[in-house]
Amino acid sequence: MKTSKNTLILFTIMITTSILLLSGAVQAKEIDLKEAIDWGIQNNYNLEEIRYSIETLERDLEILDANKSLQVNLDVTPIWGFGGEESDVSNENTNQSSTENETNLVKLKAEKTIADDLNISAEISWNENDFADLSFEGIVDDINASIQLEKQIYPDSYTQNEQQIFQTENNLKKKVEELDWKEAEKQIDLIESYLNIVRSTEEANLADKRLRLATEELERVQQQINLGEGGYQQESEAKIALMEAENQFFNLQQNLDQQQKEWYLALNLPEDIQVQFKKEPAYLEALRSRMEQLSLESEKQEILFTQALDKHYQIKTTYIDKEILLKETEWTENEGKPQINLYGGYDLSDNYWYAMLDLSWNLIDGGMQKLKEEEAEATIIQKEKELDQLIKTLQLEMNQLISQDQYNQLNIQTKLASLEKEQNAKEIVGKQYQDKFISSTQWQNQLITLAEKELNLEKAKDTLLVNRLKLAHFLDI
């Protein structure tokens with residue numbers, strides 16, 4: 001018996017400890033609104049896509065930068081003959097002389113970009129006849145080596161690699177600007193969704209109270225019918241009221257469930273982490289306090305808009321696009337100019353230095369170059385029109401946000417007046433309830449109506465807060 005008792009005590013301790021640990025683990029997985037928003041900003045799928053694009057562009061830049069570094073290539077081409085007369089494999093594939101076309105069995109080439117349009121290259125190779133003497137001295141004596149410098153003199157333009165770097169760097173700037181803007185937008189969206197969930201929860205709770213009252217009312221009517229004090233018309237009306245209350249509660253519950261699922265999806269939270277839904281957490285309270293101090297004087301709106309344009313990500317990215325187009329137009333114009341390259345080097349095999357000037361110019365192209373330049377200029381003009389249209393659109397967006405703010409303030413005053421009216425009605429109905437002139441159900445319905453008016457006021461304040469957050473973000477204030 002004593003052993004069984006000790007076992008029972010040990011088992012009880014283990015169960016209690018497990019419950020305490022489990023409780024601590026559950027509590028540790030709860031996060032507040034601020035933590036949830038921070039998590040969402042870092043893990044939201046749409047924002048992650050932008051970050052992935054940024055990482056891809058950064059890798060592309062590293063690859064392009066690596067192209068300017070020292071490049072060393074080894075080329076080994078062994079040749080085996082299988083019977084028949086020996087033939088010069090190289091000469092069979094080209095029309096060059098046999099001297100020029102000796103097959104390189106081993107070739108080692110190094111290249112490096114020293115500065116803009118200035119490249120240096122060195123090449124070491126051995127032909128098939130150079131390995132007749134496999135001694136070290138013989139291999140060194142038969143080595144073919146050369147070094148060459150190449151410089152584009154005219155026009156002073158970007159190389160292909162430099163063009164790609166320029167375009168990639170500017171595309172990276174655009175994505176960084178977009179990410180900063182979208183992060184702020186997502187923060188506001190998450191706050192708005194959180195407020196909608198809180199208010200929807202309150203709506204569902206009130207609907208649940210109305211459903212219980214409708215159930216009690218139907219039971220009361222049926223009891224009166226059993227006592228011969230009620231009619232079936234009252235029962236039919238009570239049943240319809242109950243069905244309507246059930247439908248309303250079901251609809252609100254479904255909407256609330258959908259809102260929560262969408263919010264958790266936007267946050268991209270793991271399944272084992274839950275958010276604490278509080279009516280007014282400290283984070284929201286601080287935001288409301290800041291937004292209540294936001295004031296926009298009509299005479300300052302144009303100044304604020306002008307300042308906001310310089311910081312709006314769409315304006316920034318459009319200017320970057322225009323800069324890219326201007327540079328591409330310059331490159332297109334350079335393609336139609338004479339191309340002059342200067343070469344110089346030293347050939348170890350023949351022991352001589354050389355310099356060479358290369359000139360190439362497409363004198364007749366059927367007007368293709370002119371058409372390319374006209375297309376590039378037309379693209380710039382179209383981009384300028386796009387910029388003008390964007391400025392007008394953003395002006396309308398700002399005006400709409402300001403007008404919405406004015407309406408929201410008026411709407412709050414209306415909801416306040418409606419609430420005050422309902423509070424006065426509550427006092428009258430309360431006296432009637434105390435004097436037994438109305439039923440308990442009627443009194444409870446009056447309290448629910450008052451709570452709905454309070455909820456409508458909270459919704460109006462939420463709308464004001466969210467709109468002001470959007471306005472502050474738009475104006476960058």
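- The backbone N or O of Q404 lies less than 3.5 Å from no partner atom in the side chain of N467, so there is not a single donor-acceptor pair.
- Judged by distance alone, the side chain of Q339 and the main-chain N or O of K337 form a donor-acceptor pair under 3.5 Å.
- Between I41 and Q187, the closest side-chain pair of non-hydrogen atoms falls below 4.5 Å.
- Note that CD1 of I191 is 12.0 Å distant from CG of N196, once rounded to the nearest 0.5 Å.
- In this structure, I197 and L256 have side chains that are in contact, with non-hydrogen atoms separated by less than 4.5 Å.
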Going through the distances and angles, do L342 and M356 end up as a side-chain contact (heavy atoms from CB on, under 4.5 Å)? CA-CA 6 Å; L342 179 63; M356 180 173 64; over 6 Å; no
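- Note: H312 NE2 to T318 OG1 = 9.5 Å, rounded to the nearest 0.5 Å.
- Smallest separation of non-hydrogen atoms from A451 and L206: CB-CD2, 3.6 Å.
- Between L401 and K470, some side-chain heavy-atom pair lies under the 4.5 Å cut-off.
- At a threshold of 4.5 Å between non-hydrogen side-chain atoms, the residues K278 and L33 do not count as touching.
- Evaluation of the salt bridge (Lys or Arg N to Asp or Glu O under 4.0 Å) test over residues 42-57, restricted to residues two or more places apart or in two chains, returns R51-E183.
- Within the structure, salt bridge (Lys or Arg N to Asp or Glu O under 4.0 Å) contacts touching residues 307-322 (residues at least two apart or in different chains) are K174-D321, E177-K316, K311-D476, D321-K383, K322-E384.
- Interatomic distance, Y319 OH to I324 CD1, rounded to the nearest 0.5 Å: 15.0 Å.
- Within a 6.0 Å radius of CD in E35, more than 12 heavy atoms belonging to other residues, nucleotides or ligands are found.
- Between the side chains of N456 and K453, no donor-acceptor pair of N or O atoms lies under 3.5 Å.
- Using a 4.5 Å heavy-atom cutoff, the side chains of Q148 and I120 are not in contact.
- Under a cut-off of 6.0 angstrom, the local environment of CZ in R290 is sparse, with at most 12 non-hydrogen atoms contributed by other residues, nucleotides or ligands.
- Between N351 and Y346, the side chains place a donor N or O and an acceptor N or O closer than 3.5 Å (distance only, hydrogens not considered).
- In this structure, the side chain to side chain contact (heavy atoms under 4.5 Å, CB included) partners of T168, at least two apart in sequence or on a different chain, are L57, D60, L61, L64.
- Counting non-hydrogen atoms of other residues, nucleotides and ligands closer than 6.0 Å to OH of Y407 gives a total of 12 or fewer.
- Taking the side-chain hydrogen bond (donor to acceptor under 3.5 Å, both in side chains) definition, one finds that S53 meets it with nothing, sequence neighbours left out.
- Look at E280 and R288 and you find a salt bridge, because one of the NZ, NE, NH1 or NH2 atoms lies within 4.0 Å of a carboxylate O, short of that distance.
- With rounding to the nearest 0.5 angstrom, the OG1 atom of T463 is 9.0 Å from the CG atom of L195.
- Under a 3.5 Å cut-off, the side chain of E262 and the backbone N or O of Q259 do not form any donor-acceptor pair.
- With respect to the salt-bridge test (charged N to carboxylate O, under 4.0 angstrom), the residues K182 and E185 qualify.
- A donor-acceptor contact shorter than 3.5 Å links the side chain of E162 to the backbone of T159.
- Nearest heavy atoms, I54 versus L179: CD1-CD2, 3.7 Å.
- Rounded to the nearest 0.5 angstrom, S289 OG and L465 CG are separated by 11.0 Å.
- Closest approach of A460 to K415, counting heavy atoms only: CB-CG, 4.0 Å.
- I364 CD1: 12 or fewer foreign heavy atoms inside a 6.0 Å radius.
- Qualifying ring pair (Phe, Tyr, Trp, His ring centres under 6.0 Å) partners for F277, counting only residues two or more places apart in sequence or in other chains: Y194, W263.
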Would L357 and I340 count as a side-chain contact (heavy atoms from CB on, under 4.5 Å) if you check the C-alpha gap in whole Å, the side-chain angles of each, and the deciding distance to 0.1 Å? CA-CA 7 Å; L357 189 67; I340 303 176; 3.7 Å; yes
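- Every residue meeting the ring pair (Phe, Tyr, Trp, His ring centres under 6.0 Å) condition with Y313, not counting sequence neighbours, appears here in chain and number order: W181.
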Anything under 3.5 Å between a donor and an acceptor, one on a side chain of residues 326-333, the other on a protein residue two or more places apart or in another chain? List them.
from	atom 1	to	atom 2	distance (Å)
E328	OE2	Q167	NE2	2.8
T329	OG1	L325	O	2.8
T332	OG1	E328	O	2.9

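- Y264 and Q274 form a side-chain donor-acceptor contact under 3.5 Å, judged by distance and modelled atom types alone.
- For residues 366-398, the set of pairs meeting the ring-ring contact (aromatic ring centres under 6.0 Å, His included) definition, not counting sequence neighbours, is empty.
- For N46, the CG atom sits in a packed shell: over 12 heavy atoms of surrounding residues, nucleotides or ligands are nearer than 6.0 Å.
- For K112, the NZ atom counts as densely surrounded, since its 6.0 Å shell holds more than 12 non-hydrogen atoms of other residues, nucleotides or ligands.
- With salt bridges taken as basic N to acidic carboxylate O contacts below 4.0 Å, none links K279 and E285.
- Sequence neighbours left out, not one pair with a member in residues 348-366 passes salt bridge (Lys or Arg N to Asp or Glu O under 4.0 Å).
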Compile the donor-acceptor pairs under 3.5 Å between side chains in residues 387-397 and protein atoms, sequence neighbours left out, one pair per line.
from	atom 1	to	atom 2	distance (Å)
T393	OG1	Q389	O	2.9
Q395	NE2	N399	OD1	3.3

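- Contact annotation: the side chain of I165 approaches that of E169 to within less than 4.5 Å [non-hydrogen atoms, C-beta and beyond].
- Here the side chains of I188 and H473 are in contact, with some heavy-atom distance below 4.5 Å.
- Side-chain contact between I147 and S121 is absent, with no heavy atoms from C-beta onward closer than 4.5 Å.
- W39 meets the ring pair (Phe, Tyr, Trp, His ring centres under 6.0 Å) test with no other residue; sequence neighbours excluded.
- Taking all atoms of both residues into account, the shortest heavy-atom contact from P155 to P338 is CD-O, 3.5 Å.
- N44 places no side-chain N or O within 3.5 Å of a backbone atom of G40 that could act as its donor or acceptor partner.
- Among residues two or more places apart in sequence or in another chain, the side chain to side chain contact (heavy atoms under 4.5 Å, CB included) test is passed with A286 by none.
- Under the 3.5 Å distance criterion, with hydrogens and angles disregarded, no donor-acceptor pair is assigned to the side chains of Q254 and Q258.
- Nearest heavy-atom pair across N43 and N268 is O-ND2, 2.8 Å.
- A salt bridge links R199 with D462: at least one charged nitrogen is closer than 4.0 Å to a carboxylate oxygen.
- Here the OG1 atom belonging to T414 is positioned 12.5 Å from the CG atom belonging to L419, to the nearest 0.5 angstrom.
- Residues I31 and A36 approach most closely at CD1-CA, 3.7 Å, considering heavy atoms.
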Walk me through whether K175 and N171 qualify under side-chain contact (heavy atoms from CB on, under 4.5 Å). CA-CA 6 Å; K175 280 298 177 182; N171 288 333; 5.9 Å; no
